[in-house]
Asks: 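The structure is given below, and queries will be raised subsequently.
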Amino acid sequence: RASARGSSRTGGGPWVGGRRSLPKARPASYFWSAAAMTECVDASKPLGLGPDEYPGFPADSCPEQLPDLSSHHSVAAAVLRADPGLYDGLRGRRTPLGVGLARCIKTGMDNRCHPMIKTLGAVAGDEHCYETFRPLFDCLIKERHGAGCLDRPHAACLPSGVPALDMLSAIPVDPEGKYVLSSQIRVARSLQGIRFPPAIDIDERREVERTLVRALVSLEGDLKGCYYPLSGSSSYAPKLGGMLPAEEAELSGAGMLFSCPDASASLSSGMGRHWPDARGVFTNDSRSVAVWVNEEEHARAVGLRSNGDLQGAFRDVVRLFSCVEGSLRAHSDGPQGFACSDRLGFLTSSCANLGTAMRVSAILRVPLLAQRDSVAAWCSKRRLFVRGAVDASGAKLHGVLEVSNQDRLGISEAATVNLVVEAVAELVLAERKLAESGEDTLLQEQTTALVVPPPAPPVVQAAPVPAPPQPPSPKQPEPPQQEQQQLLVAEVEEEEEAELVCDADDEETFLASVDASIVWDVAGHTLGSLFVQASCHCFGQEPSACAATPAGAPELALAAAAAAAVEERERPLEPAEEPSACAATPAGAPELASAAAAAAAVEERERPLEPAEERARLAALLLRSVESGALNQALAEIRADLVLGASPAS
């Protein structure tokens with residue numbers, strides 16, 4: 001889920017006017033059950049965006065027997081496959097708001113996923129799901145947040161749910177204003193007593209819109225703004241039919257407009273039903289903060305800055321949600337607050353986003369640091385993610401990195417902001433020292449330990465090799481305001497693509513799951529550097545920062561042998577090896593031996609690939625694509641395996 005990955009929230013459709021086009025209907029083989037295609041659906045809208053459920057696994061009640069999950073690769077599928085009794089024990093339960101297990105696991109049943117990209121495969125239909133179906137969700141939470149995340153309560157905020165602003169770090173992130181191009185705070189919240197978007201009905205969704213907009217339009221001062229319902233929505237009386245085309249273009253250009261889901265993981269979860277009814281965007285007049293209403297959560301606030309003022313963006317979001325919460329409690333005819341738990345923090349439909357439900361990120365122009373392998377290890381040690389940034393067209397920006405937080409559960413909002421602020425400030429200082437004296441201050445703390453989600457066997461690490469001193473490079477000019485705006489837009493659009501591949505509100509979940517799959521195969525052996533390097537190219541990271549297999553390791557020979565076998569299978573057949581030539585050879589003729597050998601070669605080419613060979617095939621495909629520039633085509637092929645649920649052999 002980095003710059004080269006496929007879309008998740010917005011799938012694979014082309015961009016149209018700043019938004020994704022609607023998806024086409026899928027063939028019957030696309031879905032979990034062909035029989036489900038006989039259900040009546042609204043033909044006026046693509047599947048999953050009308051009033052009917054997405055075809056496939058039933059959403060209201062589970063069948064008596066657990067479906068065959070042998071070819072499913074989500075975390076939920078693995079949990080249910082390992083303990084079939086869990087399904088029998090949970091399938092008859094319902095939450096106080098009427099949500100059953102079927103609604104929660106439908107997305108994992110409809111989407112087999114790819115064996116190398118594990119998604120969570122389940123969503124929460126309301127705030128009570130985490131207790132009603134606790135045996136299942138606790139397994140998912142541990143997979144996403146770490147094995148020990150549930151051994152302690154979530155780091156509680158103030159009693160009102162508003163973080164302590166006086167605990168924010170006062171460190172200036174970028175005193176000279178030359179390095180940080182943009183910064184962003186994203187916070188999701190759900191209303192108490194109303195089902196979450198995967199299970200919500202049209203009346204509840206309109207109630208969410210009415211409640212939130214009533215609070216948002218009453219904001220004053222620098223937060224005062226306007227609500228823009230999505231084009232085609234008829235639920236907001238002051239703007240029937242939604243926002244005007246000019247307003248839509250403006251919000252899209254500012255990176256504040258979300259688009260309809262067209263990824264199967266999102267559509268099958270149910271959050272796209274009745275699109276675009278009761279969905280919209282609130283933004284203040286200065287366009288520094290926005291709230292997405294009924295996107296994938298009830299509310300998602302986005303604080304934006306075209307500089308390094310993360311503290312200011314955070315204060316805006318905190319003040320906004322504080323006013324909204326005050327409005328909720330002042331009106332007795334609706335929800336009285338945000339869904340929250342002492343054990344899990346703020347509750348959302350994605351268990352990957354529990355806790356603070358907040359992502360803090362900054363985009364930096366650091367051309368010298370971007371060339372150093374020490375950056376990735378340095379950030380990983382501090383529980384931060386780093387990746388290459390892209391512009392509005394999706395092209396990778398050389399020398400530009402994005403830094404963001406990993407953790408949400410077990411840490412407070414203020415601590416999360418401080419972590420990113422202090423790290424970015426150190427990176428800016430390190431870039432300055434590199435430019436002035438060539439000294440790499442990060443290299444002194446460099447570690448080659450690869451942080452992967454537990455559980456994972458220990459990995460043999462290669463000894464760190466100090467990088468040679470780099471000559472100072474010319475001073476980088478400050479990017480013009482237009483370029484900063486394009487980066488800001490690209491950041492939001494890239495996040496939209498990142499969301500639901502892993503049923504999460506952060507692209508780092510994807511990277512973490514991919515890292516685990518890259519380092520360990522089904523037998524518990526490291527796969528070697530071939531796929532690691534190819535994947536790191538795709539995800540905008542340096543191979544040396546990701547590779548856990550030292551040069552010359554036994555696993556490297558295994559990967560190389562598998563790659564050679566795949567290459568042999570893919571070479572063009574010689575005329576004598578063609579099946580027709582083999583069949584034409586008479587029995588007992590001198591050519592029989594060579595024909596038999598050719599037939600054996602053909603049979604070898606037709607056998608199903610072993611898992612290691614399939615990984616090698618994908619690695620070779622990625623590497624060739626990187627070299628030839630056909631990367632998007634290669635990722636489309638891999639995404640097809642993921643979306644269509646094909647087995648590695650097919």
Asks: Looking at Ser266 and Ala263, would you say the former's side chain and the latter's main chain have a donor-acceptor pair under 3.5 Å?
Replies: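 No: the side chain of Ser266 does not pair with the backbone of Ala263.
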Asks: Between Tyr130 and Cys351, is a side chain to side chain contact (heavy atoms under 4.5 Å, CB included) present by the stated rule, with each step listed?
Replies: CA-CA 9 Å; Tyr130 291 106; Cys351 59; 3.7 Å; yes
Asks: Taking 4.0 angstrom as the limit, do Lys106 and Asp110 come out as a salt bridge?
Replies: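 Yes, this pair counts.
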Asks: State, to 0.1 Å, how close Pro63 and Pro58 come at their nearest heavy-atom pair, and which atoms those are.
Replies: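 Smallest heavy-atom distance, with atoms named: CD-CG, 4.0 Å.
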Asks: Kindly compute the distance separating OG (Ser70) from CZ (Arg112), expressed to the nearest 0.5 Å.
Replies: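 CZ of Arg112 is found 8.0 Å from OG of Ser70.
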Asks: Is it the case that the side chain of Arg408 and the backbone of Gly355 share a donor-acceptor pair, with hydrogens and angles ignored and the cut-off at 3.5 Å?
Replies: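 Side chain of Arg408 to backbone of Gly355, a donor-acceptor pair under 3.5 Å: no, none is there.
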Asks: Roughly how far, to the nearest 0.5 Å, is CZ of Arg343 from SG of Cys149?
Replies: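 These two atoms lie 9.0 Å from each other.
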Asks: What are the two closest heavy atoms between Ala76 and Gly121, and how far apart are they?
Replies: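 Heavy atoms of Ala76 and Gly121 come nearest at CB-O, 3.6 Å.
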Asks: Between the side chains of Ser264 and Asn111, is a donor N or O closer than 3.5 angstrom to an acceptor N or O?
Replies: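 The answer is yes; a qualifying pair exists.
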Asks: Looking at CG of Leu401 and CG of Leu397, how far apart are the two atoms once the value is rounded to the nearest 0.5 Å?
Replies: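 Leu401 CG to Leu397 CG: 10.5 Å, rounded to 0.5 Å.
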Asks: Tell me, with the steps shown, if Val400 and Leu364 meet side chain to side chain contact (heavy atoms under 4.5 Å, CB included).
Replies: CA-CA 6 Å; Val400 180; Leu364 300 79; over 6 Å; no
Asks: Is the shortest side-chain heavy-atom distance between Leu427 and Trp378 below 4.5 Å?
Replies: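 Side chain of Leu427 against side chain of Trp378, heavy atoms only: contact under 4.5 Å found.
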Asks: Run the side chain to side chain contact (heavy atoms under 4.5 Å, CB included) test on Leu136 and Leu101 for me, step by step, so that the C-alpha distance in whole Å, both residues' side-chain angles and the decisive distance to 0.1 Å come before the verdict.
Replies: CA-CA 10 Å; Leu136 171 63; Leu101 178 66; 3.9 Å; yes
Asks: Should Val75 and Thr119 count as side-chain neighbours, where that means a heavy-atom distance under 4.5 Å?
Replies: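 Sidechains of Thr119 and Val75: no contact.
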Asks: What is the minimum heavy-atom distance between Cys113 and His73, and which atoms define it?
Replies: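 Minimum heavy-atom separation between Cys113 and His73: O-CD2, 3.4 Å.
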Asks: Measure the spacing between CG of Leu80 and CG of Asp83 and express it to the nearest 0.5 Å.
Replies: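 Going from the CG atom of Leu80 to the CG atom of Asp83 covers 8.5 Å.
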Asks: With a 4.5 Å cut-off on side-chain heavy atoms, are Arg359 and Gln406 touching?
Replies: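 Gln406 does not reach Arg359 side chain to side chain.
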Asks: Indicate the atoms forming the closest heavy-atom contact of Met358 with Asn353, along with that distance.
Replies: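 Answer, listing the atom of Met358 first, then Asn353: N-OD1, 4.2 Å.
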Asks: Quick one, Phe133 and Cys104 - any side-chain contact, counting heavy atoms below 4.5 Å?
Replies: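 Counting from C-beta outward, Phe133 and Cys104 do come under 4.5 Å.
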Asks: With a 4.5 Å cut-off on side-chain heavy atoms, are Cys379 and Phe385 touching?
Replies: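 A side-chain contact under 4.5 Å is absent here.
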Asks: When you check the gap from the basic side-chain N to the acidic O, do Glu297 and Arg186 get nearer than 4.0 Å?
Replies: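 Result for this pair is no, no salt bridge flagged.
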Asks: If we ignore hydrogens and angles and just use 3.5 Å, is the side chain of Asn405 paired with the main-chain N or O of Val360 as donor and acceptor?
Replies: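 At least one qualifying donor-acceptor pair exists.
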Asks: Mind checking the SG-OH spacing from Cys62 to Tyr87? Nearest 0.5 Å is all I need.
Replies: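 So the SG of Cys62 and the OH of Tyr87 are separated by 4.0 Å.
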Asks: Relative to Trp275, does Arg273 satisfy both conditions: NZ or CZ under 6.0 angstrom from the six-membered ring centre, and within 45 degrees of the ring's axis?
Replies: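 Pair Arg273/Trp275 does not count as cation-pi.
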Asks: Between Arg144 and Asp407, does any NZ, NE, NH1 or NH2 come within less than 4.0 Å of an OD or OE carboxylate oxygen?
Replies: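 Result for this pair is no, no salt bridge flagged.
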Asks: Between Leu344 and Leu409, which heavy-atom pair has the shortest distance, and what is it?
Replies: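 Shortest heavy-atom contact: O-CD1, 3.5 Å.
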Asks: For residues Ile141 and Leu354, determine if any side-chain heavy atom of one lies less than 4.5 Å from a side-chain heavy atom of the other.
Replies: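 In short, these two side chains touch, coming nearer than 4.5 Å.
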Asks: Distance from Arg134 atom CZ to Cys129 atom SG, nearest 0.5 Å?
Replies: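 Rounded to the nearest 0.5 Å, the CZ-SG separation comes out at 14.0 Å.
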Asks: Determine whether Ile105 and Phe57 make a side-chain contact, defined as any pair of heavy atoms from C-beta on separated by less than 4.5 Å.
Replies: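 Ile105 vs Phe57: side chains touch.
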Asks: Could you check Leu347 against Phe196 for side chain to side chain contact (heavy atoms under 4.5 Å, CB included), going step by step and ending with a plain yes or no?
Replies: CA-CA 10 Å; Leu347 305 178; Phe196 294 166; 4.3 Å; yes
Asks: Which heavy atom of Ser268 sits nearest a heavy atom of Tyr54, and at what distance?
Replies: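 Result for this residue pair: CB-CD2, 3.4 Å.
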Asks: Donor-acceptor pair, His72 side chain versus Ser74 backbone, under 3.5 Å?
Replies: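 It does not hold such a pair.
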Asks: Check whether any side-chain heavy atom of Leu120 lies under 4.5 Å from a side-chain heavy atom of Thr107, and answer yes or no.
Replies: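 Counting from C-beta outward, Leu120 and Thr107 never come under 4.5 Å.
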